[in-house]
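Heads up: the structure comes next, in structure tokens.
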Amino acid sequence: DAGITQSPRHKVTETGTPVTLRCHQTENHRYMYWYRQDPGHGLRLIHYSYGVKDTDKGEVSDGYSVSRSKTEDFLLTLESATSSQTSVYFCAISAADTQYFGPGTRLTVL
Amino acid sequence: EDKVVQSPLSLVVHEGDTVTLNCSYEVTNFRSLLWYKQEKKAPTFLFMLTSSGIEKKSGRLSSILDKKELFSILNITATQTGDSAIYLCAVANAGNMLTFGGGTRLMVKP
């Protein structure tokens with residue numbers, strides 16, 4: 001399972017509230033990614049990180065920010081959640097030119 | 001803009017049937033093509049293909065890449081109910097950023 005955990009696994013929140021999702025890895029991988037998965041869209045990259053304090057935007061970064069203060073943790077923050085951010089969020093790491101995914105967080109914004 | 005298209009969108013077969021899933025792509029600076037299987041959880045890695053014409057095989061699953069025609073196929077022989085899942089195709093560019101297709105939903109009936 002590539003040693004990736006995500007928390008929380010499920011969250012229901014209200015529009016306008018801040019939300020932070022956490023991705024934790026135990027194998028010291030340099031690259032980490034946040035994706036969202038929606039019906040009909042497959043997986044889309046939100047942000048990624050290539051080291052501590054080094055992050056960059058993906059395809060659908062609007063409304064999201066990230067931080068990586070330690071190699072093992074990559075945080076995704078929705079500053080003010082909207083209903084369009086209801087989705088399943090997956091974290092991934094890169095190893096041997098392949099990306100491996102965490103178990104996912106199902107976020108519902110009411 | 002990189003693009004990955006999978007077909008069919010969904011497929012229903014009976015146990016023992018053989019299925020072929022298709023993936024076509026357009027990508028700047030192609031690095032590799034990856035197949036994932038997704039049941040009710042995170043995508044799990046199946047194959048990574050980088051060279052044309054070389055078949056990758058794992059049990060009843062096999063895949064091949066055609067870099068000239070820009071497509072890949074995933075074959076599953078003697079299907080079982082446990083093969084029921086969404087199959088995702090993704091293409092990596094030179095920076096190892098993945099672009100995913102929308103997936104093919106396979107249902108295998110007993």
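In what follows, chains carry the letters A, B, and so on, assigned in the order in which the sequence lines appear, proteins first and then strands, with residues in each chain numbered from 1. Atom set for the values below is all heavy atoms of this structure, side chains included, hydrogens, waters and symmetry mates excluded. As the structure is a computational prediction, the values presented were derived from the model and not from experiment.
- A/Tyr64 and A/Tyr31 fall within a single hydrophobic cluster, where Ile, Leu, Val, Met, Phe, Trp and Tyr side chains are chained together by heavy-atom contacts under 4.5 Å.
- Residue B/Arg60 qualifies as enclosed at atom CZ: its count of foreign heavy atoms under 6.0 Å is above 12.
- Within 6.0 Å of CD on A/Glu14 lie no more than 12 heavy atoms contributed by other residues, nucleotides or ligands.
- B/Phe45 and B/Leu33 are members of different hydrophobic clusters when ILVMFWY side chains are connected at heavy-atom separations under 4.5 Å.
- Contact count versus chain B (heavy atoms, under 4.5 Å) is highest, among A/His41, A/Gln37, A/Gln99, for A/Gln99.
- B/Tyr36 and A/Phe101 have their aromatic ring centers within a separation under 6.0 angstrom.
- At a threshold of 4.5 Å between non-hydrogen side-chain atoms, the residues B/Pro43 and A/Phe90 count as touching.
- For B/Leu98, the parts lying near chain A are the backbone and the side chain together; criterion is any non-hydrogen pair under 4.5 Å.
- Pairing each heavy atom of A/Asp97 with each of B/Met48, the nearest pair is O-SD, 3.4 Å.
- Residues B/Ala42 and A/Gly102 come closest through the heavy atom pair CB-O, 2.8 Å.
- The side-chain heavy atoms of A/Tyr33 and B/Met97, taken from C-beta on, include a pair separated by under 4.5 Å.
- In this structure, the separation between CZ on B/Phe47 and OG1 on A/Thr98 is 12.5 Å, given to the nearest 0.5 Å.
- A/Leu45 touches chain B through its side chain: at least one heavy atom from C-beta onward sits under 4.5 Å away, while N, CA, C and O do not.
- Heavy-atom neighbours of chain A within the stretch residues 101-110 of chain B, taken at a separation under 4.5 angstrom, comprise B/Gly101, B/Gly102.
- The same ILVMFWY cluster, assembled from side-chain heavy atoms under 4.5 Å apart, contains both A/Leu21 and A/Ile93.
- Linking Ile, Leu, Val, Met, Phe, Trp and Tyr residues whenever their side-chain heavy atoms come within less than 4.5 Å places A/Ile46 and A/Leu107 in a single cluster.
- Taking CD of A/Glu59 as the start and CZ of B/Phe100 as the end, the distance is 11.5 Å to the nearest 0.5 Å.
- Other residues, nucleotides and ligands place no more than 12 heavy atoms under 6.0 Å from the CG atom of B/Leu9.
- The contact list for residues 65-94 of chain B toward chain A, using heavy atoms and a distance under 4.5 Å, reads B/Leu88 by residue number.
- Heavy atoms closer than 4.5 Å to chain A are found in the side chain of B/Gln38, but not in its backbone.
- In this structure, the portion of A/Ser94 lying under 4.5 Å from any heavy atom of chain B is its side chain and not its backbone.
- In terms of hydrophobic clustering, with Ile, Leu, Val, Met, Phe, Trp and Tyr side chains grouped at heavy-atom distances under 4.5 Å, B/Val12 and B/Val19 are assigned to different clusters.
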